[in-house]
**Student:** 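What follows is a single structure, and I will ask about it in a moment.
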Amino acid sequence: MNTVVDTRLIQSMDSAHFLHPFTDFKDLNARGARVMTRAEDIYVWDSEGKRVLDAMSGLWCVNVGYGRKELADAAHQQMMTLPYYNSFFQTTNVPAAQLAAKLASLAPTVGDRSFKHVFYSSSGSESNDSNVRMVRRYWDLLGQPQRKVIISRLNAYHGSTMAGASLGGMSGMHAQGDLPIPNITHIGQPYFFENGLPGESAADFGVRAAGWLEEKILELGADKVAAFIAEPLQGAGGVIIPPDTYWPEIQRIVDQYGILLISDEVICAFGRLGHWFAYEKFGYKPDLVTFAKAVTSGYIPLGGVMVGNRVAKVLIEQGGEFNHGYTYSGHPVACAVALANIEIMEREQLPQRVHDDIGPYLAKKFAEIGEHPLVGLAETCGFVGGMVLVKNKSTKARFGDDQGIGMVCRGHCFSNGLIMRAVGDRMIIAPPLTMTHAQIDEMTGLILKCLDLTYADAQKNGWLA
């Protein structure tokens, strides 16, 4: 189905009225926004009729692909039944209760941690704000109100609200708005390619990087630290995959000092890494799990926190009224879509498919991409991948920030029918989990083409060493 759109009219309306997120408004107004008009399967089309393979699943979220009628039908049916009611006045609704039970059944018990309770929001940012409130309430109720500090990591992303942006470790975000807010601090990220020492193994680096948490706890005083928050792998930071030794050592440290562990799985949950929740893959035991995005495959906003048993027990049995929540907590339409989305994922066995089939196949294709002369590192985890662009493959010498090699590559991607994200000199993907082997071949073929074009540009500009 072709959608006829007056591109110039929409662009003029957009420039006049729409302030985009994470955007240089003046720059966008000068060039005009690309107008997307429709989508199907793993492809999106713009208003000029150009088809583009969406290797980012929108923004890490369209796990079941575009055009799933079941999700539209679920939203329509719920809108015609109960389009909205709040959850404040000791009320609930059918989809919210059903989804909470479903999520509790999907979240695996690890060691002494089980997840039988859900606190709803509308996004990952809101969910991490809720984590700050719940963590501090938990320690207040236990008679330790001085435990307020939450430790995060540099280059982490935990949202863009005041608390979410503070929890994140993005320097550009902290430079605006007097962030981070008090009692949030950061340690280094487990990025072996950039931070490993000469002769150091990835395994040894993983233990050393985890040790930065212990150093920070001792610096602050363990009695002041409330929690450590981290993504299983860092998504918006460039798909930074920690060494296998990292998470076991993190678990030892949080156990030793008795602090809570928050697993931010806004990107990693719901099959992306081959499991319903990523903490199962990495084998650690969080107390709180942040989710959003793929719970509805991005078809409608929904987020939340899976609240582990030891936190839930204190909040329920000792907490009284919890003075926190949102107008749309447990929104019936969003929850109905999430239930239909999870039903698709179960029926098509998408987490298992990532684990057993398309995840390993993507890893094989990325190993081939890793042979390209512009690529210093190419790695995957489940159905997410990242590569580092370097100017010298043998020495791993990096491009300068002023050369903007990632943006050069991204430009070639857009021009050649591929959406691939640039994070500095890292190029990253997180495609829909419905991809076939043939579509993975198509995607990796486009990636190689764009790498060739970027390499030619680097040669022409004299950037290669």
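Hydrogens, waters and symmetry mates play no part in the numbers below; they use all other heavy atoms, side chains included.
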**Student:** How many angstroms lie between atom CG of Leu464 and atom CG of Leu374, to the nearest 0.5 angstrom?
**Tutor:** 7.5 Å
**Student:** Side chains of Ser121 and Ser127 only: does a donor on one sit below 3.5 Å from an acceptor on the other?
**Tutor:**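 Indeed, the side chains of Ser121 and Ser127 share at least one donor-acceptor pair under 3.5 Å.
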**Student:** From Thr245 OG1 over to Ile250 CD1, what is the distance, rounded to the nearest 0.5 angstrom?
**Tutor:** 10.0 Å
**Student:** Side-chain contact test, heavy atoms from C-beta onward, threshold under 4.5 Å: evaluate it for Ile253 versus Phe228 and give yes or no.
**Tutor:** no
**Student:** Apply side chain to side chain contact (heavy atoms under 4.5 Å, CB included) to the pair Gln234 and Arg153, showing each step before the final yes or no.
**Tutor:** CA-CA 10 Å; Gln234 286 163 255; Arg153 300 187 298 205; 3.5 Å; yes
**Student:** Donor-acceptor check, side chain of Asp129 to backbone of Gly164, threshold 3.5 angstrom: yes or no?
**Tutor:**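 Between the backbone of Gly164 and the side chain of Asp129 there is a qualifying donor-acceptor contact (under 3.5 Å).
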**Student:** Is the shortest distance from a Lys or Arg side-chain nitrogen in Glu371 or Lys393 to a carboxylate oxygen in the other one below 4.0 Å?
**Tutor:**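 Salt bridge between Glu371 and Lys393, a charged N being under 4.0 Å from a carboxylate O: no.
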**Student:** Give a yes or no answer on whether the side chain of Trp212 reaches the backbone of Gly188 with a donor-acceptor pair at less than 3.5 Å.
**Tutor:** no
**Student:** Mark yes or no for whether Ser105, through its side chain, and Lys102, through its backbone, hold a donor-acceptor pair below 3.5 Å.
**Tutor:**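 Yes; at least one donor-acceptor contact below 3.5 Å.
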**Student:** Using the salt bridge (charged side-chain N to carboxylate O under 4.0 Å, His left out) rule, take Arg252 and Glu214 through it: C-alpha gap first, then chi angles, then the decisive distance, then the call.
**Tutor:** CA-CA 10 Å; Arg252 180 196 69 78; Glu214 187 164 26; 3.0 Å; yes
**Student:** Locate the shortest heavy-atom distance separating Ser166 from Ile184; write the atom from each residue and the value.
**Tutor:** O-CG2, 3.3 Å
**Student:** Taking all atoms of both residues into account, what is the closest heavy-atom pair of Gly417 and Leu446, and its distance?
**Tutor:**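 Closest approach of Gly417 to Leu446: O-CD1, 3.7 Å.
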**Student:** Determine, stepwise, if the pair Ile181 / Val132 fulfils side chain to side chain contact (heavy atoms under 4.5 Å, CB included).
**Tutor:** CA-CA 11 Å; Ile181 60 176; Val132 173; 5.7 Å; no
**Student:** Going by distance alone, is a donor N or O of one side chain under 3.5 Å from an acceptor N or O of the other, for Tyr191 and Asn155?
**Tutor:** no
**Student:** Would you give the length of the straight line joining atom CZ of Arg353 to atom OH of Tyr361, rounded to the nearest 0.5 angstrom?
**Tutor:**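 So the gap between those two atoms works out to 12.0 Å.
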**Student:** Look at the rings of Tyr284 and Trp247 and say which category their plane angle falls in: under 30° parallel, 30 to 60° tilted, over 60° perpendicular.
**Tutor:** parallel
**Student:** Just wondering, are more than 12 heavy atoms of other shown residues or ligands nearer than 6.0 Å to CG in Asp357?
**Tutor:** yes
**Student:** Take a 6.0 Å sphere around CZ of Arg410 and say whether it holds more than 12 heavy atoms from other residues, nucleotides or ligands.
**Tutor:** no
**Student:** Step through the shown structure and confirm whether more than 12 heavy atoms of other residues, nucleotides or ligands are within 6.0 Å of CG on Asp27.
**Tutor:**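 Count over threshold, so yes.
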**Student:** Please lay out, stage by stage, how Asp457 and His412 fare under the test side-chain hydrogen bond (donor to acceptor under 3.5 Å, both in side chains).
**Tutor:** CA-CA 10 Å; Asp457 283 348; His412 286 303; 2.6 Å; yes
**Student:** Do Trp45 and Glu40 have side chains that approach each other closer than 4.5 Å (heavy atoms only, starting at C-beta)?
**Tutor:**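 A side-chain contact under 4.5 Å exists here.
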**Student:** Would you say the ring centers of Phe115 and Tyr279 fall short of 6.0 Å from each other?
**Tutor:**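 Ring-ring flag for Phe115/Tyr279: true, centres closer than 6.0 Å.
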**Student:** Does Asn128 offer a backbone N or O that forms a donor-acceptor pair with the side chain of Ser130 under 3.5 Å?
**Tutor:**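 Side chain of Ser130 to backbone of Asn128: no pair is present.
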**Student:** Supply the atom-to-atom distance Met420 CE to Leu53 CG, rounded to the nearest 0.5 angstrom.
**Tutor:** 11.5 Å
**Student:** Would you compute the distance between atom CG of Leu213 and atom CD1 of Ile187 and round it to the nearest 0.5 angstrom?
**Tutor:** 4.5 Å
**Student:** Which residues satisfy the salt bridge (charged side-chain N to carboxylate O under 4.0 Å, His left out) test with Asp287, sequence neighbours excluded?
**Tutor:** Arg113, Arg310
**Student:** Do you know the tightest heavy-atom contact between Ala378 and Gly370?
**Tutor:**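 Closest heavy-atom pair between Ala378 and Gly370: CB-CA, 3.8 Å.
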**Student:** Other residues, nucleotides and ligands only: do more than 12 of their heavy atoms fall within 6.0 Å of CZ on Arg347?
**Tutor:** yes
**Student:** At their closest point, which heavy atom of Pro232 faces which heavy atom of Ser263, and how far apart are they?
**Tutor:**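 In this case the closest contact between Pro232 and Ser263 is CG-OG, 3.8 Å.
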**Student:** Show, in sequence, the C-alpha distance, side-chain angles and deciding distance for Leu453 and Asn416, and conclude whether the side chain to side chain contact (heavy atoms under 4.5 Å, CB included) test is met.
**Tutor:** CA-CA 10 Å; Leu453 292 168; Asn416 288 276; 3.5 Å; yes
**Student:** Is a side-chain donor-acceptor pair under 3.5 Å present for Thr434 with Glu348?
**Tutor:** no
**Student:** Which value, rounded to the nearest 0.5 Å, describes the distance between Thr380 atom OG1 and Leu273 atom CG?
**Tutor:** 10.0 Å
**Student:** Hey, does the side chain of Arg426 reach the backbone of Gly238 with a donor-acceptor pair shorter than 3.5 angstrom?
**Tutor:** yes
**Student:** Does a side-chain heavy-atom distance below 4.5 Å link Tyr299 with Val62?
**Tutor:**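 A side-chain contact under 4.5 Å exists here.
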**Student:** Taking the side chain as C-beta and beyond, is there a heavy-atom pair between Leu433 and Met345 under 4.5 Å?
**Tutor:** yes
**Student:** Ring centres of Phe277 and His275 under 6.0 Å apart?
**Tutor:**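 Ring centroids of Phe277 and His275 are no less than 6.0 Å from each other.
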**Student:** Within a radius of less than 6.0 Å around CD of Glu219, do more than 12 heavy atoms belonging to other residues, nucleotides or ligands occur?
**Tutor:** yes
**Student:** If we only count heavy atoms from C-beta on, is the Cys381 to Phe282 side-chain gap below 4.5 Å?
**Tutor:** yes
**Student:** Of the non-hydrogen atoms in Ala430 and Trp60, which two are nearest, and what is the gap between them?
**Tutor:** CB-CE3, 3.5 Å
**Student:** Report the C-alpha separation of His20 and Asp14 in whole Å, then their side-chain angles, then the decisive distance to 0.1 Å, and conclude whether the side chain to side chain contact (heavy atoms under 4.5 Å, CB included) test is met.
**Tutor:** CA-CA 9 Å; His20 291 240; Asp14 184 86; 2.8 Å; yes
**Student:** Can you establish whether the number of heavy atoms outside Lys50 located under 6.0 Å from its atom NZ is more than 12?
**Tutor:**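 Atom NZ in Lys50 is crowded, with more than 12 foreign heavy atoms closer than 6.0 Å.
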**Student:** Measure the shortest side-chain to side-chain distance between Cys268 and Leu233 over non-hydrogen atoms and say whether it is less than 4.5 angstrom.
**Tutor:**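 Side-chain contact under 4.5 Å: yes.
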**Student:** Short question: side chain of Glu265, backbone of Ala278 - any donor-acceptor pair under 3.5 Å?
**Tutor:** yes
**Student:** Would you check, one step at a time, whether the test side-chain hydrogen bond (donor to acceptor under 3.5 Å, both in side chains) holds for Asn461 with Gln403?
**Tutor:** CA-CA 9 Å; Asn461 292 324; Gln403 292 165 332; over 6 Å; no
**Student:** Around atom CG of Asp401, are there more than 12 heavy atoms of other residues, nucleotides or ligands at under 6.0 Å?
**Tutor:**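 No, CG of Asp401 has 12 or fewer neighbouring heavy atoms, counting only those of other groups under 6.0 Å.
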**Student:** Just checking, is any N or O donor in the side chain of Thr161 or Ser125 under 3.5 Å from an acceptor N or O on the other one?
**Tutor:** no
**Student:** According to the interplanar angle, ranging from 0 to 90°, do the rings of His174 and His186 count as parallel (below 30°), tilted (30 to 60°) or perpendicular (above 60°)?
**Tutor:** tilted
**Student:** Check the orientation of Tyr326 and Phe119. Use parallel for under 30°, tilted for 30 to 60°, and perpendicular for over 60°.
**Tutor:** perpendicular
**Student:** Any heavy-atom pair between the side chains of Val388 and Asp425 that's under 4.5 Å?
**Tutor:**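 Yes; the side chains approach each other to less than 4.5 Å.
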**Student:** Using modelled atom types and a 3.5 Å cut-off, is there a donor and acceptor pairing between side-chain atoms of Asn63 and backbone atoms of Phe270?
**Tutor:** yes
**Student:** Scan side-chain atoms only and decide if Asp452 and His372 contain a donor-acceptor pair under the 3.5 Å cut-off.
**Tutor:** yes
**Student:** Any salt bridge between Arg272 and Glu231, counting N to O under 4.0 Å?
**Tutor:**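 Salt bridge: no.
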**Student:** At their closest point, which heavy atom of Val354 faces which heavy atom of Gly274, and how far apart are they?
**Tutor:** CG1-N, 3.5 Å
**Student:** Would you confirm whether Lys396, through its side chain, and Val390, through its main-chain N or O, come within 3.5 Å as a donor-acceptor pair?
**Tutor:**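 Flag not set: sc Lys396 to bb Val390 has no pair under 3.5 Å.
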**Student:** Do the non-hydrogen side-chain atoms of Ile344 and Leu71 ever get within less than 4.5 Å of each other?
**Tutor:** yes
